[in-house]
Protein chains: 2
Amino acid sequence: MIKGKITIHDISKALEIDSSTVSRALNNSPRVSKKTKTKILKKAKELGYQRNSLASKLRTNRSNTIGVIVPRISRHFFAAVISGIEETAYDAGYDVIICQSLDNYEREKKLVETLLANRVDGILISISMETTNYSHFKNYIDNGFPIIYFDRPCEVDKNTNVIINDFKASFEATEHLILNGCKNIVHFSGPQSTTLYQKRCKGYKAALKKHNIPLRKEYIIESNLMENDGIENAKKVLKLPLVDAVFSANDKAAISAMQYLKTKNIKIPEDIAFVGFSNEPISAVIEPSLTTVNQQDFEMGKVATTLLFEQINNKSSINETKILEPELIIRNSSIKK
Amino acid sequence: MIKGKITIHDISKALEIDSSTVSRALNNSPRVSKKTKTKILKKAKELGYQRNSLASKLRTNRSNTIGVIVPRISRHFFAAVISGIEETAYDAGYDVIICQSLDNYEREKKLVETLLANRVDGILISISMETTNYSHFKNYIDNGFPIIYFDRPCEVDKNTNVIINDFKASFEATEHLILNGCKNIVHFSGPQSTTLYQKRCKGYKAALKKHNIPLRKEYIIESNLMENDGIENAKKVLKLPLVDAVFSANDKAAISAMQYLKTKNIKIPEDIAFVGFSNEPISAVIEPSLTTVNQQDFEMGKVATTLLFEQINNKSSINETKILEPELIIRNSSIKK
DNA sequence: ATTTAAAATACAATCGATTGTATTTTAAAT
DNA sequence: ATTTAAAATACAATCGATTGTATTTTAAAT
């Protein structure tokens, strides 16, 4: 902390103008004459005045700040959502505090508490994979605290969620493989405690059903979809007969599986075709380039933030779920020649 | 903002205990009896009390919060540095506010102001590429405000910088190419306004000199090292005679150049070997995998944060520059068989 | 039962800005 | 020159927590 920070009272004393007038001048209130404003602004600059936002927020009971909690900022999808959030927020004159939960429940809980203690006006959150207990949100929701869930929805009680149509995306991804001649399609699924992965799995099943392909339980491999899970999954795939395609619920597992299979001289897509999910930057670079689902990241950030501001300003929690339409990006990993 | 938030005064009234005692109890002061503490804590929980950090910070003149400004949170290097920062900070009981400047000077300036207005106890920053004017820092440095520069140092006046040995890393990267039989090595250089890229360029030159390879000016291609710059650089390389290797000052440009050259049937590393810089995750995945420099990201975050806390607590700005040793990660793109 | 020191609690000011109300100043109208 | 309304400024309380000092309570010692 800098010692001897300049306050409005220092300006007040220096000019022999009451601090209330100084405050109003700095906030460009019409109640202060132009002449006085000029004088005050000049002196403020001269003294190196810097507003103390803490005091201002305390007094006004408004922080003009929103908090964002994502599992991991380095994930391209979340970084892109954050870009959308920041753009919308800055346009509205709001600051954004970015936090990462690292998919850890305890940490997420602490972050929520810290944000609330700092009196953010609202929170945008993509809940951690570990989170199954929503009590750390519930207290605030009941009070009408503005909070919006994105990507990973919170489906207890009435909340506002912004998600993509995971079912449809998965359905289309799987159907795309079927239309390219694949019949024995393995699904790399994520933790079924997460509704998002449930939906992706359902989309996969529905596509099989539509095309009269019998569902084989051993073709659904559940894991946390981390890099290492992809390798383990790939080993399992090699032990299954006939597999000619994989639809992975995220890119990371798809990519590590592809890399492992390549070392085993499996040809992609000729032997096994691949479709991922999320459109991570690596998916465009790997060989063959990975067919994947674009999740409308930037758009999701904008939509979620707009909804949050509606809640903050109207105080009417609307409790809607916005569903964005995903887009299948077809690259080389899924087209059998 | 939630209406009717519970304050210590509500607890005070409910229990007929003075608010000062309530405050001390909540902060676990030894001046409050155990019996009273239990009573207060119970009531606080019952009423759903949540500390107002704004008021607390205002009064104590300590925010227990540090600010971090990086060009872009999605860049793997910065995300890893942030992990190191957060780990160190949380252990010390500090909160971390993460901001991204998007390499934009105006935005960076605004972020610094916002952090200061919110009275962070110190700032960790990797300055934006656009920044050549340091006046937005200078005011605070002069006041002894704790600020540490990492990766991209601020080399005006006396500051504390945490950087890697860019010269040595580049020297070794270039020498590695030479030792693998390359003689006509192009350098993709970054903006020379940034000392970091100056140093990388000097390392390249020094390695050539040591091995008696004449320096050719047209072999140094300066750009912003973005994806598109890599492609443009690759086109220039194709027009130069004899080139058998490229040392790029970052991975991004190296990777897009490699991709472009592959479409032109240039074999990597046989025709042109490549070495990058930063160890982006993509570098391990691209084919051939890219030899690159590991920048000690996580370690850098830890060291920078530790230095910051020294400044915050001792008030003695030490003004040192810590130089971390980089590590060359040798992969397939640089080994001519 | 009284004195005394320590423990526990209450009082009151404070951090820096904001804002409703009161007062003073200015300028227009007579 | 005086009245009057509007404009400009000053006064004073407030946001919620903290903290040095004063007071009260408790418990030990006589």
Side-chain angles (χ1 to χ4, degrees), chain A residues 1-41 43-44 47-65 113-114 116-121, chain B residues 1-41 43-44 47-65 113-114 116-121:
Chain A
M1 207 75 229
I2 299 173
K3 262 196 185 175
K5 267 268 182 190
I6 303 301
T7 71
I8 54 169
H9 300 103
D10 297 313
I11 301 172
S12 167
K13 267 181 218 156
L15 296 173
E16 296 193 308
I17 294 176
D18 190 80
S19 57
S20 63
T21 302
V22 174
S23 169
R24 287 196 171 91
L26 293 170
N27 288 307
N28 200 22
S29 154
R31 276 175 60 174
V32 181
S33 71
K34 266 192 191 160
K35 211 172 116 192
T36 311
K37 270 185 198 168
T38 318
K39 211 156 62 169
I40 290 173
L41 256 40
K43 182 59 81 176
L47 296 177
Y49 170 78
Q50 286 195 120
R51 165 207 295 262
N52 186 328
S53 293
L54 302 173
S56 172
K57 290 174 181 177
L58 175 62
R59 180 57 230 259
T60 59
N61 206 25
R62 262 229 164 198
S63 68
N64 266 56
T65 303
E113 278 167 14
T114 303
L116 289 168
N118 284 288
R119 297 298 187 266
V120 293
D121 294 329
Chain B
M1 208 74 230
I2 299 174
K3 260 197 185 174
K5 265 273 183 190
I6 303 300
T7 72
I8 53 170
H9 300 103
D10 297 312
I11 301 174
S12 168
K13 266 181 217 157
L15 297 172
E16 296 194 306
I17 294 175
D18 190 81
S19 57
S20 62
T21 303
V22 174
S23 170
R24 287 196 171 92
L26 293 170
N27 288 307
N28 200 22
S29 154
R31 277 175 60 174
V32 181
S33 71
K34 265 191 191 163
K35 211 172 112 192
T36 312
K37 270 184 196 167
T38 317
K39 213 157 59 169
I40 290 172
L41 255 40
K43 182 59 81 176
L47 296 178
Y49 170 78
Q50 284 194 119
R51 165 207 296 262
N52 186 328
S53 293
L54 301 172
S56 172
K57 290 174 180 176
L58 175 62
R59 180 56 230 260
T60 59
N61 206 24
R62 261 227 165 200
S63 69
N64 265 58
T65 304
E113 278 167 14
T114 304
L116 289 168
N118 284 288
R119 297 299 188 264
V120 294
D121 293 329

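Naming: A, B, ... by sequence-line order, numbering from 1 per chain.
- Proximity of B:I40 to B:I11: side-chain heavy atoms (C-beta onward) are separated by under 4.5 Å at one or more points.
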Item to complete: List the steps, then state whether side-chain hydrogen bond (donor to acceptor under 3.5 Å, both in side chains) holds for B:K57 with B:N118.
Response: CA-CA 9 Å; B:K57 290 174 180 176; B:N118 284 288; over 6 Å; no
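- Look at B:N27 and you'll find a side-chain N or O under 4.0 angstrom from OP1 or OP2 of D:dT18.
- Rounding to whole angstrom units, CG of residue A:N61 and P of C:dA17 are separated by 18 Å.
- One N or O on the side chain of B:K37 and one on the backbone of B:S29 form a donor-acceptor pair closer than 3.5 Å.
- A heavy-atom distance below 4.5 Å is not found between the side chains of A:L58 and B:R59.
- At the heavy-atom level, A:S23 lies under 4.0 Å from base atoms of the strands shown.
- Between A:L58 atom CG and D:dA17 atom P the separation is 9 Å, expressed in whole Å.
- Here the closest non-hydrogen pair linking B:D121 and B:S63 is OD1-N, 3.2 Å.
- Between A:R119 atom CZ and D:dG16 atom C1' there is a gap of 9 Å when expressed in whole angstrom units.
- A donor-acceptor contact shorter than 3.5 Å is absent between the side chain of A:S23 and the backbone of A:S19.
- The NZ atom of B:K5 sits 15 Å away from the C1' atom of D:dC15 (whole-angstrom rounding).
- Between the A:R119 side chain and the A:L116 main chain, a donor and an acceptor come within less than 3.5 Å of each other.
- In this structure, the CG atom of A:L26 is 8 Å from the P atom of C:dT18, given to the nearest Å.
- The CD1-P distance, from B:I8 to D:dT14, rounds to 16 Å in whole Å.
- Taking atom CG on B:N118 and atom P on C:dA17, their separation rounds to 13 Å, with Å as the unit.
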Discussion item. Please encode protein proximity along nucleotides 4-13 of chain C as a string of B, S and -, counting only heavy-atom distances under 4.0 Å.
Written reply: ----SBBBBB
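- Stem regions for DNA chain C, each three or more consecutive Watson-Crick or G-U pairs with both distances under 3.5 Å and listed by first number, read C:1-30 with D:1-30.
- Looking at B:T60, its side chain does come within 3.5 Å of a backbone N or O of B:S56 through a donor-acceptor pair.
- Side-chain contact check for A:N61 versus B:K5: every heavy-atom pair is 4.5 Å or farther apart.
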